[in-house]
Amino acid sequence: MQNYFDEDVSRGFHWFRNFMSDEEWNKRRARVEEHIEHAIMSGHGLSSLPEEEFLRVNFDRDKIVWYLYLMDTCLHDANSYEPVAGARVIAIFKRIGEHLEELKAITDVNKKVRRLIKNDPSEADAVLFELLTALLWARNGYQVSFLPELKSEKQPDLKAVKDGKEFFIECKRLSKASVYADKEKEKWLKMSRHVVHLLAAMDLVLEVIFHEELSELKETFLLDVLKNKLKKKPKPGLLLTNSKVTVRVSGVNYNQIHAHLLNFSVRNPSPQPAELVGGRRDDSFGFTHGVAADHFRLGSGLGNNVFIDRIRKAYGIYWKCTAPASVEKKARDIFAHLKAALQQLPTVPNSVIHIGIETYDGPEVEQERFKKINSTMNRFDIKGQNLTWVYCHFFQSYAPPDQMYVFDESSFRFHNVALNVPEPLEITSMIVPWENTEENNLHWLKPQP
């Protein structure tokens with residue numbers, strides 16, 4: 001497979017990489033690769049467990065080195081690149097590399113990155129968001145400084161100055177998934193474990209939409225409602241629907257899979273096997289699948305360089321829960337983060353908050369979340385506060401098989417009309433090129449790439 005070449009991504013990668021010695025980089029990189037190898041080797045083949053339960057290549061214990069590993073393999077060893085995780089960060093490294101000189105001019109940025117590399121490797125998402133926020137203000141013509149953390153008093157993350165006017169800035173980034181969403185997925189994996197043998201035996205693909213919270217259903221619920229329906233291979237179409245669940249069924253198209261494998265190298269794991277087994281790509285659903293396949297490696301060494309030669313057996317399940325209570329609980333509000341951010345801001349004029357949110361829970365959840373955010377901002381008590389503007393940045397990445405990555409960003413801003421401070425930022429897009437964005441046009445309402 002061809003390596004990806006992008007001067008900006010390369011420049012961003014090498015800047016971070018150079019904060020480590022060769023010895024440290026090689027040691028930490030090797031730990032990432034050993035973890036990937038263990039995850040992949042434990043995950044191949046059909047199993048009584050859905051593959052997502054044991055196949056997790058992300059290396060969260062050293063997240064910044066994991067991200068650097070993704071960029072390293074993308075640029076220098078594409079055979080070992082992990083596309084889904086890489087799509088989340090490649091656009092970030094591109095933005096940093098494109099404006100690297102502006103970033104390096106920010107006061108104490110090196111101290112911030114050294115602390116990330118040495119002391120807080122698991123905090124990569126939060127620190128990268130701070131770097132992107134600082135860079136955003138620098139791109140808008142401000143002189144930007146990272147402020148030191150003080151034991152004696154709370155302090156915001158950044159100070160930005162232009163034309164004699166100071167702004168104090170606090171950054172808050174929500175984690176990728178809520179605790180509720182993680183527990184829902186955990187329950188799903190337990191439920192699906194009871195039916196995968198039925199699906200694999202008949203080469204079936206299900207689409208399961210729950211109308212009730214999974215926490216309210218028994219672990220054997222799916223088996224209980226399907227076992228009589230799957231005594232023999234069903235015809236494609238609607239299998240059952242009731243107040244708790246709707247299930248549609250189709251079959252694995254082996255002819256289509258084999259034709260594709262004759263012409264293309266298909267990495268496993270990646271989105272491509274799931275799309276081949278399921279017959280479509282739909283990021284609004286979760287997808288659990290298993291394959292019994294013959295594999296081969298491309299290139300030398302360890303890593304995510306395992307590819308499928310032939311699929312002998314497969315099953316798949318698209319799933320999601322649209323129960324109102326589930327949607328409401330997954331649609332995390334920003335209230336707690338907003339409250340925590342206000343506590344960090346000084347009682348001086350011109351304070352600003354930036355909040356970063358990833359939008360991976362589907363359009364129903366993101367619409368509900370957006371309603372919550374608007375409601376929170378309209379009722380949030382900022383009397384006696386010098387909060388002038390709040391910027392919410394929504395991010396989502398995709399890893400389609402025919403592209404290295406696709407990255408969406410939407411931004412929405414709120415103004416404290418009581419203080420009536422003019423908007424300080426002309427450019428509000430952190431990652432996606434400004435000319436490619438439409439402010440307040442929310443990307444989860446658009447067709448998926």
Side-chain angles (χ1 to χ4, degrees), residues 49-53 55-56 83-85 87-88 176-178 180-196 199-200 203-215 217 221-222 225-226 236-242 244-253 256-257 268-291 314-331 358-369 396-401 406 408 443-449:
L49 296 178
E51 73 178 272
E52 289 149 298
E53 184 152 344
L55 185 57
R56 180 170 174 78
V84 175
R88 287 185 65 230
K176 183 180 177 183
S178 66
Y180 180 88
D182 286 339
K183 288 183 177 179
E184 184 179 75
K185 184 176 181 180
E186 182 181 342
K187 179 64 175 288
W188 160 251
L189 290 171
K190 291 178 179 178
M191 293 174 71
S192 59
R193 172 189 301 166
H194 295 281
V195 300
V196 295
L199 306 183
D203 311 303
L204 295 180
V205 177
L206 299 184
E207 179 187 283
V208 181
I209 302 176
F210 292 97
H211 310 308
E212 189 169 317
E213 287 184 273
L214 273 67
S215 60
L217 303 174
F221 169 78
L222 204 56
V225 297
L226 290 179
L238 181 66
L239 191 62
L240 72 95
T241 186
N242 56 40
K244 297 178 187 282
V245 69
T246 295
V247 181
R248 292 178 174 82
V249 64
S250 60
V252 177
N253 188 334
Q256 182 174 305
I257 290 172
N268 191 27
S270 76
Q272 186 68 72
E275 184 174 342
L276 290 176
V277 170
R280 72 182 199 265
R281 184 172 74 249
D282 190 339
D283 290 331
S284 67
F285 282 82
F287 189 70
T288 296
H289 74 289
V291 296
Y315 70 86
I317 317 175
Y318 295 94
W319 75 280
K320 67 178 175 180
C321 182
T322 59
S326 172
V327 170
E328 195 277 331
K329 291 172 184 176
K330 285 180 288 193
E358 289 185 275
T359 57
Y360 288 100
D361 288 313
E364 299 95 344
V365 173
E366 299 310 331
Q367 277 294 89
E368 179 65 24
R369 187 208 306 270
Q396 187 162 352
S397 62
Y398 312 85
V406 175
D408 273 335
H443 59 256
W444 55 86
L445 300 178
K446 304 176 187 177
Q448 297 175 10

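At distances below 3.5 Å, at least one donor-acceptor pair connects side-chain atoms of Lys187 with backbone N or O atoms of Leu217. No side-chain donor-acceptor contact under 3.5 Å links Lys330 to the backbone of Val365. Although no hydrogens or angles enter the test, the distance criterion places a donor-acceptor pair under 3.5 Å between the side chain of Tyr360 and the main chain of Ser397.
Scanning all heavy atoms of the two residues, the minimum distance from Gly316 to Val277 falls at N-CG1, 4.1 Å. Residues Leu240 and Val225 come closest through the heavy atom pair CD2-O, 3.5 Å. Nearest heavy-atom pair, Asp361 versus Ala181, reported as atom, atom and distance to 0.1 Å: OD1-CB, 4.3 Å. Taking every heavy atom of both residues into account, Pro273 and Asn268 meet most closely at CG-OD1, 3.8 Å. Contact between Ile317 and Ser192 at its shortest, heavy atoms only, is CD1-CB, 4.1 Å. Between Pro271 and Ala399 the shortest heavy-atom distance is CG-O, 3.5 Å.
Annotation: the span from Leu214 atom CG to Trp319 atom CH2 amounts to 6.0 Å, rounded to 0.5 Å. With rounding to the nearest 0.5 angstrom, the CZ atom of Phe221 is 6.0 Å from the CE atom of Met191. The CD atom of Glu364 sits 10.0 Å away from atom SG of Cys321, with the distance rounded to the nearest 0.5 Å.
Between Pro400 and Val406 the shortest side-chain heavy-atom distance falls below 4.5 Å. Between Leu206 and Leu226, some side-chain heavy-atom pair lies under the 4.5 Å cut-off. In this structure, Gln272 and Pro83 have side chains that are not in contact, with every pair of non-hydrogen atoms separated by 4.5 Å or more.
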Legend entry - Worked check of side-chain contact (heavy atoms from CB on, under 4.5 Å) between Lys183 and Ser215: CA-CA 8 Å; Lys183 288 183 177 179; Ser215 60; over 6 Å; no
Inset, instruction - Go through Glu366 and Arg369 one step at a time and tell me if the salt bridge (Lys or Arg N to Asp or Glu O under 4.0 Å) criterion holds. - result: CA-CA 5 Å; Glu366 299 310 331; Arg369 187 208 306 270; 2.8 Å; yes
Legend entry - Audit row: His211, Thr322, side-chain contact (heavy atoms from CB on, under 4.5 Å) steps and yes/no: CA-CA 6 Å; His211 310 308; Thr322 59; 4.0 Å; yes
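For the pair Arg280 and Phe285, the cation sits on the ring face: its NZ or CZ lies under 6.0 Å from the ring centre, inside 45° of the axis.
Between Lys329 and Glu184 there is no salt bridge, since no side-chain nitrogen of the basic residue lies less than 4.0 Å from a carboxylate oxygen of the acidic one.
Residues passing the ring pair (Phe, Tyr, Trp, His ring centres under 6.0 Å) test with Tyr318, sequence neighbours excluded: Phe287. Residues meeting the side-chain hydrogen bond (donor to acceptor under 3.5 Å, both in side chains) test with Thr241, sequence neighbours left out: Thr246. The side-chain hydrogen bond (donor to acceptor under 3.5 Å, both in side chains) check on Arg88 picks up Tyr67, Glu358, with sequence neighbours excluded.
For the 3.5 Å distance criterion, the side chains of Thr288 and Trp188 qualify, holding a donor opposite an acceptor. Between the side chains of Glu328 and Tyr180, not a single donor N or O lies within less than 3.5 Å of an accepting N or O.
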